[in-house]
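Remarks on the structure that follows.
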Amino acid sequence: MQFARRRRRGIIGGMYPFAEVESRAQERWRERGAFAAEEKAAGEKFYCLSMFPYPSGRLHMGHVRNYTIGDMISRHRRMLGCNVLQPMGWDAFGLPAENAAMENNVHPAEWTRNNISEMRAQLMRLGLAVDWRRELATCDSSYYRWEQLLIARLFSRGLVYKKTAVVNWDPADKTVLANEQVVDGKGWRSGADIERRSVPMYFMKITAYAEELLADLDSLSGWPSSVLTMQRNWIGRSEGARIKLPLAGRGDSLEVFTTRPDTIFGATFCAVAPEHPLAAECAKKDSRAAQFVADCGRLAVSEEAIKTVEKKGYDTGLRAVHPFDSSRLLPVYVANFILAQYGSGAIYGCPAHDQRDLEFARANGLDVVAVVSPDGKNYEVGEKAHLGAGVMINSGFLNGMENEKAKSAAVDALEKKGLASRETQYRLRDWGISRQRYWGCPIPVVHCEKCGDMAAAEKDLPVTLPETVRAEAGKPLSAALAADESFFRCACPKCGGAARRETDTMDTFVESSWYFARFASHDCNDAMVDSRAREWMPVDQYVGGVEHAVLHLLYARFFHKLMRDAGMYPKEARYAEPFSRLLCQGMVLKDGGKMSKSRGNTVDPQELIERYGADTARLFILFAAPPEQALEWSDEGVRGCSRFLSRLWSAGEEFSQMRKTILDDVRADGNGNNGNDDGILESARREIHQTLAKADYDMNRLRLNNIPSAAMKMLNAMQEFSAQCARGGFASAEKAKAAAALLDEGFGIVLRLLAPAVPHICEALWEKLGFGGTVADAPWPRADEFALAQKQTADVVVQVNGKKRGQVTVAAGADEQTVRAAAEELPAVSRDLSSRAAVRKVIFVPGRIINFVAGD
RNA sequence: GCCGAGAUGGCGGAAUUGGCAGACGCGCCGGUCUCAAAAACCGGUAUUGGAAACAAUGUGAGGGUUCGAGUCCCUCUCUCGGCACCA
């Protein structure tokens, strides 16, 4: 047949015309407004959201991955008949803009808006099914004014409040540093030793929602369990007791928090945080103590820095009296590893049952008294503290109790003495939203000497960030607002007198905590959101990096609940949480490491797209790894994907030619000449539908990398089938027509299977082969049960003692007896069985396996 | 340090959740076409032994449960993410 040769020529040596194909497909979508989401449209709503990007200037592979995954899910849902909303916007405030200003003399606003234009063009080139009418940028006052309004109202309700907090202070640059700007305890630019400094800040009372944030995690069945665990641990609810230990020779006492009141008799010391009032008091009188506290103050503020530092303490000379044995006096240390924010900023140490306390005790020559015993006997503690359960020993009235019971008994006894109260503590701290920075949303608070601090009047909102400040090379912009009189001078909303605006701006996590709601009400200009948010929310599928597993996702959940409680959503279960399903995608690596400028191993998506087209870029990134796993970059892999798309392109032509040839033959001679088609048709169709069934299963569980695999496999099967058709005629005209129909059916399935991943080429082929309409709205293919059921036989693996000895082909529903009989006939099986003792047991899994268990 | 992940051929990964390990792709080897090369197409490809049939071994390391373990349990190593001011 001449056909086989024609295919070989195909599109000789080159790629399919991807540039034309892609711009034409995008043009068609644009003309049709194909992805504009309407509230009233038919079909179940599906809100698919990818985490919006920070406009850093250039798209990187992480973005490509994130948005391709989101797009594939969106397009799949569209094909299932859903009414899909997929929006895009810009997380446009933040530190990099200020750094760029310092380096390049360019204003953050200008830099940011230019970056947005460039990145928007790059994103559009990817062919995302996004409703661009809803685009937003958080640095626009039309966006941030609404969060100012909410913050102002929360301030009046006490859910936003002021207190001091510790920050990293760079004494050389006279500026506050982010944790990432502190390298080995020194400022990244100045190299000066950083200091801890207390500054007044605004906080959001997220702890008021701790219980709900924790409890509602149980309802998030669409989230990865690892993220739920991380959030639970982050909130860190623990039940314990606040215990007062009287200080010897003084009237007052030290308050400590413990989750292990059962170990009270094992306490041999106390420790307070360097920020604790007792530490300050001691430092006043004792210069060495003052020195120690000052040394602690040189530590960076991150928890990581505190936890990894060498544990040191300084004896204040104060002694706490043991509440059950006044003869025991516990030395009180100031220690660098005690967190001021947690509990009461003070602990008692029980070295026998806490590893950190044990190390501290050993270093300071303190007693170690075991009070919880695994077997009830006395014992000496070695290198490891005993953290598990046990029976109380050396513990007065608690002796002999299970330690769980002793927890409660100890607190009961202390409560009677008025020395303790039960308390539930959270590791979660209130959210400090103040930043001493310029490029952020101004905090809508006014300071009046007479009236104090108050929220800015609502009629004065938004408090617009002045974009007139001058950027200067090498000069931090962080103090720009505090230096801008025209910004901070204002009238007090209460007394009308001269007042001063707050000059700190907000944490950028605030903007990203509600953008998903704004996408639904993007052009609402009289409120944060309108009723459309109630239609679209919650987000049905959220896609983004695991690095956001705790902070962003927790803040967004909190903010959503605040908005609900402010009346923006009904108090119904549906609106309890903002994100129903969550997919955390992995990073893009190259040469085993993160792609980054400093490593010099970046691959520019732009270049990739120009060279191979957006579909190849999308295909590679989907195919190379499952979405949640790290993806290893491979240039060869990219070429393989490009090759596959070129093959797909010519296969369309091939199949329609083959189909025509078959039908022409039927017309010419009525066919039925040489009937060597036994089962080809059925087995080809079965393979296509089996593969489809697996692909559908994988699509539903978001194993997106398996979809291209399935499509490749199908295309291989189709080409095999096409070659078989070319080799011979058919037994009847009906068979021939069925074969022609299968070529059509199979390729239609391949195209629809691939359309969410590589939409442009599928759109072009769909049109070219005359399937009708647009593939973006074609129905997702369904596996035909009839085709799947046709197989009459099953291959059963035969094992002896778990080792494979062969395989038998039996009728589809064959029972154990039949299979066993057939299996025992196999030479390898009988040989093995005869060398062993009698068969003790036969394990039979119908259609899969039979295992003879025999003695040796 | 604490919390959360991950480790499967030369490489990326698959394995319908305890039932034939290595689907699909890359790379490599051989072939077709070509003066030649590239491209394209066809075939092979876990390791070891063997001409082959076949056998043994094999999913980061070490133990365990099971008729049967990549999958479940325990211990360990390494890599990655987060740790509250990067986003």
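All values below were derived from every heavy atom in this structure, side-chain atoms included, with hydrogens, water molecules and symmetry-related copies excluded. A, B, ... follow the sequence lines: proteins, then strands. Residue 1 opens every chain.
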Compute whether any side-chain donor of one residue and acceptor of the other, for [X] and [Y], lie under 3.5 angstrom apart.
X	Y	answer
A:Asp170	A:Thr175	no
A:Gln425	A:Arg237	no
A:Arg805	A:Asn851	no
A:Gln807	A:Asp795	no
A:Glu654	A:Ser722	yes

TODO: Give A:Arg840 one of three labels, base, sugar-phosphate or nothing, depending on what nucleic acid heavy atoms sit under 4.0 Å from its own.
DONE: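 No contact at all - A:Arg840 keeps every heavy atom at 4.0 Å or more from the nucleic acid.
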TODO: Remember a base hit wins even if backbone is also touched, and classify A:Gln807 as base, sugar-phosphate or nothing at under 4.0 Å, heavy atoms.
DONE: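 Base, at least one base heavy atom under 4.0 Å.
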Looking at [options], which one has an atom nearest to any side-chain atom of [X]?
X	options	result
A:Arg647	B:G13, B:G12, B:C41	B:C41
A:Ile843	B:A14, B:G19, B:C24	B:G19
A:Gln629	B:C67, B:A23, B:A14	B:A14
A:Ile849	B:U57, B:A40, B:C20	B:C20

For [N], which nucleotide is its Watson-Crick or G-U wobble mate, given both distances must be under 3.5 Å?
N	value
B:A51	none
B:A37	none
B:G27	B:U45
B:A7	B:U77
B:C2	B:G82
B:G22	none
B:G70	none
B:G58	none

Under-4.0 Å side-chain N/O to phosphate OP1/OP2 contact, [X] with [N]:
X	N	answer
A:Arg639	B:C11	no
A:Lys694	B:U16	no
A:Asn706	B:A15	yes
A:Lys841	B:U66	no

TODO: Test side chain to side chain contact (heavy atoms under 4.5 Å, CB included) on A:Tyr612 and A:Met15 and set out the steps.
DONE: CA-CA 8 Å; A:Tyr612 295 100; A:Met15 281 182 252; 4.0 Å; yes
Length of the line joining [X]:[atom1] and [N]:[atom2], which is rounded to integer Å:
X	N	atom1	atom2	value
A:Leu622	B:C24	CG	C1'	14 Å
A:Lys713	B:U16	NZ	C1'	12 Å
A:Arg701	B:U17	CZ	C1'	9 Å
A:Asn851	B:C20	CG	P	12 Å
A:Glu636	B:G12	CD	P	13 Å
A:Arg703	B:G25	CZ	P	18 Å
A:Arg805	B:A55	CZ	P	6 Å
A:Ile850	B:C20	CD1	P	15 Å

TODO: Taking syn as within 90° of 0 and anti otherwise, name the glycosidic form of B:U71.
DONE: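 B:U71: anti glycosidic orientation.
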Task: Chi-angle category of B:G70 [syn within 90° of 0, anti beyond] - done: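 Anti, angle beyond 90° from zero.
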Span that lies between the [atom1] atom of [M] and that of [N], in whole angstrom:
N	M	atom1	value
B:G58	B:G10	P	15 Å
B:C76	B:A7	C1'	14 Å
B:U8	B:G13	P	8 Å
B:A5	B:U75	P	15 Å
B:U59	B:U47	P	15 Å
B:U16	B:A23	C1'	12 Å
B:A69	B:G60	P	15 Å
B:A40	B:A51	C1'	34 Å

- [ ] Take A:Asn99 and A:Arg189 through the side-chain hydrogen bond (donor to acceptor under 3.5 Å, both in side chains) test and state the conclusion after the steps.
- [x] CA-CA 11 Å; A:Asn99 292 335; A:Arg189 295 171 60 85; 5.8 Å; no
- [ ] Determine whether more than 12 heavy atoms belonging to other residues, nucleotides or ligands lie under 6.0 Å from atom NZ of A:Lys174.
- [x]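 Check fails, neighbour count at 12 or below.
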Task: Residue closer to the 5' end of RNA chain B, A:Thr229 versus A:Val845 (nearest nucleotide) - done: A:Thr229
Task: Residue whose closest nucleotide on RNA chain B lies nearer the 5' end, A:Pro708 versus A:Lys804 - done: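 Per heavy-atom nearest nucleotide, the more 5' residue is A:Lys804.
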Task: Check: A:Phe93 ring centre within less than 6.0 Å of A:Tyr144 ring centre - done: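 Between A:Tyr144 and A:Phe93, which both carry aromatic rings, the centre distance is below 6.0 Å.
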- [ ] Determine, using ring centers only, whether A:Trp633 and A:Phe620 are less than 6.0 Å apart.
- [x]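 Yes, ring centres under 6.0 Å apart.
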Open item on the list: Is there, by distance only and without an angle test, a donor paired with an acceptor across the side chain of A:Asn233 and the base of B:C3 below 3.5 Å?
Closed with: no
TODO: Do nucleotides 79-87 of chain B as a string where each nucleotide becomes B, S or -: B if the base has a protein heavy atom under 4.0 Å, S if just the sugar-phosphate does, - if no protein is that close.
DONE: -SBSBBBBB
Open item on the list: Could you tell me if the side chain of A:Met51 sits less than 4.5 Å from the side chain of A:Tyr515, heavy atoms only?
Closed with: yes
